[in-house]
There are 2 protein chains.
Amino acid sequence: MRMVMTGHRVPKYEQLRRRLLHDIERLAPHQPLPTERDLALRHRVSRATVRHALEALVKAGAVYRVQGAGTFVADQIISKSVSLTSFTEDMAGRGLRPGTRVLVADLIGARGRICQELRLGSEDEVVRLVRLRLADEAPMCLETAYLPAARVPGLLDHDMTGSLYSVLDTKYGIIPVVADQVVEALVLGDSDAALLGVPPGTAALRVRRLATDQRGVPVERTTTLYRADRYDIRFTIARQRC
Amino acid sequence: MRMVMTGHRVPKYEQLRRRLLHDIERLAPHQPLPTERDLALRHRVSRATVRHALEALVKAGAVYRVQGAGTFVADQIISKSVSLTSFTEDMAGRGLRPGTRVLVADLIGARGRICQELRLGSEDEVVRLVRLRLADEAPMCLETAYLPAARVPGLLDHDMTGSLYSVLDTKYGIIPVVADQVVEALVLGDSDAALLGVPPGTAALRVRRLATDQRGVPVERTTTLYRADRYDIRFTIARQRC
DNA sequence: TCTCATTCTTGGTCCGTACCAATATTCAGA
DNA sequence: TCTGAATATTGGTACGGACCAAGAATGAGA
């Protein structure tokens with residue numbers, strides 16, 4: 001018996017980060033935070049811990065630092081990088097009620113690109129899952145997911161109308177942590193348009209995603225077709241040094 | 001006279017990062033790196049410095065760490081987050097030769113959304129720059145950029161067929177560091193299609209970008225219409241903790 | 001041979017100190 | 001009053017030490 005029981009001890013720098021984020025919210029942009037040495041004294045921690053907390057805030061885009069001058073509240077806390085989320089989480093974030101109609105749920109042989117991207121042999125099988133995802137009752141996107149059957153035995157016995165990621169986590173301990181995405185635009189064909197409830201010839205966003213676990217092992221290959229009139233992708237990018 | 005003369009002293013952790021990245025390239029995925037204490041001894045630095053270097057590599061997706069086990073080479077070094085780049089840099093990265101046809105370059109009054117997003121008053125003026133960008137001689141996208149005229153006096157006197165970001169940097173000391181982007185799909189109208197050299201009714205990617213400098217002050221508002229048959233957007237996303 | 005508790009290894013957190021580099025401030029001199 | 005050098009402040013880098021927590025390896029016992 002292996003108890004996970006993650007004690008979830010919260011480190012000091014994380015506690016400090018939250019407190020600072022809370023303080024920041026009632027500060028105007030470009031206003032200076034206390035100096036690092038100040039914060040260390042005030043919160044009874046070392047300067048290293050303060051820097052650790054601030055680094056997280058800088059990464060999140062909440063503050064910016066200027067050497068010799070100080071640390072300041074950033075202009076726009078709104079800016080958030082896209083994170084790897086399930087459709088269910090994504091819709092919740094947009095304030096929409098998610099729904100699902102399962103169109104296909106079966107086991108097939110791995111072939112071609114799918115086989116290659118999931119690093120499977122030609123003998124291996126994959127779970128195929130085609131679902132029409134709804135937002136506030138109306139079609140939002142058409143999702144086709146492939147997963148290595150060996151890693152998710154009995155997946156199709158579970159309820160597939162909810163969050164796939166939730167099932168992967170609770171039933172199999174699989175947590176996708178990173179994903180490569182390719183975003184394209186295309187014009188919908190007749191059948192896809194019909195399923196999505198829009199006229200043929202309408203535009204759509206196609207997102208191809210290959211999600212992997214912490215080890216870098218592929219766990220999910222999904223292609224999603226979003227209605228262009230209902231969906232967009234927002235993210236913040238930064239200039240790369242070097 | 002204020003000499004910038006950035007001595008560009010390279011910190012130890014940065015030197016170490018480069019050396020490690022070099023070593024990693026000849027290692028297979030999932031192979032372990034030496035332990036942090038090992039690396040510290042071997043390179044005659046403190047463990048803190050080693051961790052600083054490794055953190056950068058983790059952030060770049062080159063390695064991953066497992067507490068209690070070690071640090072390992074990540075599976076796919078290819079995966080790179082999209083970074084804020086100019087069209088010129090973007091095309092260079094894809095191995096294409098960039099070109100430009102300037103369609104409009106003028107000074108107009110700020111109005112509506114542009115005015116609001118660039119945080120300008122209704123009296124202020126903006127530089128408008130509409131350019132057809134080519135890749136290997138063929139149209140790739142249609143770019144419409146707006147910049148606060150006050151921050152870039154005499155911009156239109158410069159050559160606008162090259163990289164705008166390069167001019168901003170060298171002539172005005174402006175370096176956009178972060179940008180919020182919104183990506184949508186749409187069907188091209190007749191005039192845009194004609195400019196891009198594709199049949200009307202074709203799909204396109206529309207990217208709206210608001211770029212800001214380090215202070216969080218907006219410096220550039222651009223809408224770009226990409227040919228869907230020649231362009232896609234690739235990026236890596238990670239699961240957000242908390 | 002297998003299981004499970006123990007021990008070891010490894011990354012994660014935290015402290016205190018010291019000095020460097022860029023910016024802001026002060027103040028003497030023109 | 002203004003200019004420019006000297007000084008103080010602030011974030012950036014670096015060290016060394018200590019202990020914690022999670023995974024890996026070991027070894028005793030069933």
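In what follows, chains are A, B, ... by sequence order, proteins preceding strands, each numbered from 1. Fair warning: this is a prediction, and the values are worked out from it, not measured in the lab.
- With respect to the salt-bridge test (charged N to carboxylate O, under 4.0 angstrom), the residues A:R65 and A:E36 qualify.
- Rounded to whole angstrom, the span from the CZ atom of B:R17 across to the C1' atom of D:dA14 amounts to 18 Å.
- Going from atom OH of A:Y64 over to atom P of D:dG12 covers 13 Å, rounded to whole Å.
- Taking the side-chain hydrogen bond (donor to acceptor under 3.5 Å, both in side chains) definition, one finds that A:R128 meets it with A:D106, sequence neighbours left out.
- Ion pair A:D23/A:R19 not flagged as a salt bridge, since none of the NZ, NE, NH1 or NH2 atoms sits closer than 4.0 Å to an Asp/Glu carboxylate oxygen.
- Counting only N and O atoms by type, the side chains of B:Y13 and B:E55 include no donor and acceptor under 3.5 Å apart.
- Of all the residues in residues 35-48 of chain A, A:R37, A:R44, A:V45, A:S46, A:R47 reach under 4.0 Å from DNA chain C with at least one non-hydrogen atom.
- For A:T49, a side-chain nitrogen or oxygen approaches OP1 or OP2 of C:dC15 to under 4.0 Å.
- Checked against D:dG23, C:dA21, C:dT23, the side chain of A:A69 finds its nearest nucleotide in C:dT23.
- We find that CD of B:E55 is positioned 13 Å from P of D:dA14, with the value rounded to whole Å.
- Of the listed residues (A:Q181, A:R131, A:R133, A:E143), just one forms a side-chain contact (heavy atoms from CB on, under 4.5 Å) with A:T224, and that residue is A:E143.
- Rounded to a whole Å, the CD atom of B:Q67 is 14 Å from the P atom of C:dT10.
- With C:dT13, D:dA21, C:dC15 as the candidates, the nucleotide lying closest to the side chain of B:R51 is C:dT13.
- In the set D:dG11, D:dA14, C:dG11, D:dA14 carries the atom at the smallest distance from any side-chain atom of B:Y13.
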Considering only distance and modelled atom types, tabulate donor-acceptor pairs under 3.5 Å from the side chains of residues 144-152 of chain B, sequence neighbours left out.
| from | atom 1 | to | atom 2 | distance (Å) |
| --- | --- | --- | --- | --- |
| B:R151 | NH1 | B:D213 | OD2 | 3.1 |
| B:R151 | NH2 | B:D213 | OD2 | 3.4 |

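- To the nearest angstrom, C1' of C:dT13 lies 16 Å from NE2 of B:H52.
- With rounding to whole Å, A:L57 atom CG is found 14 Å from D:dG11 atom P.
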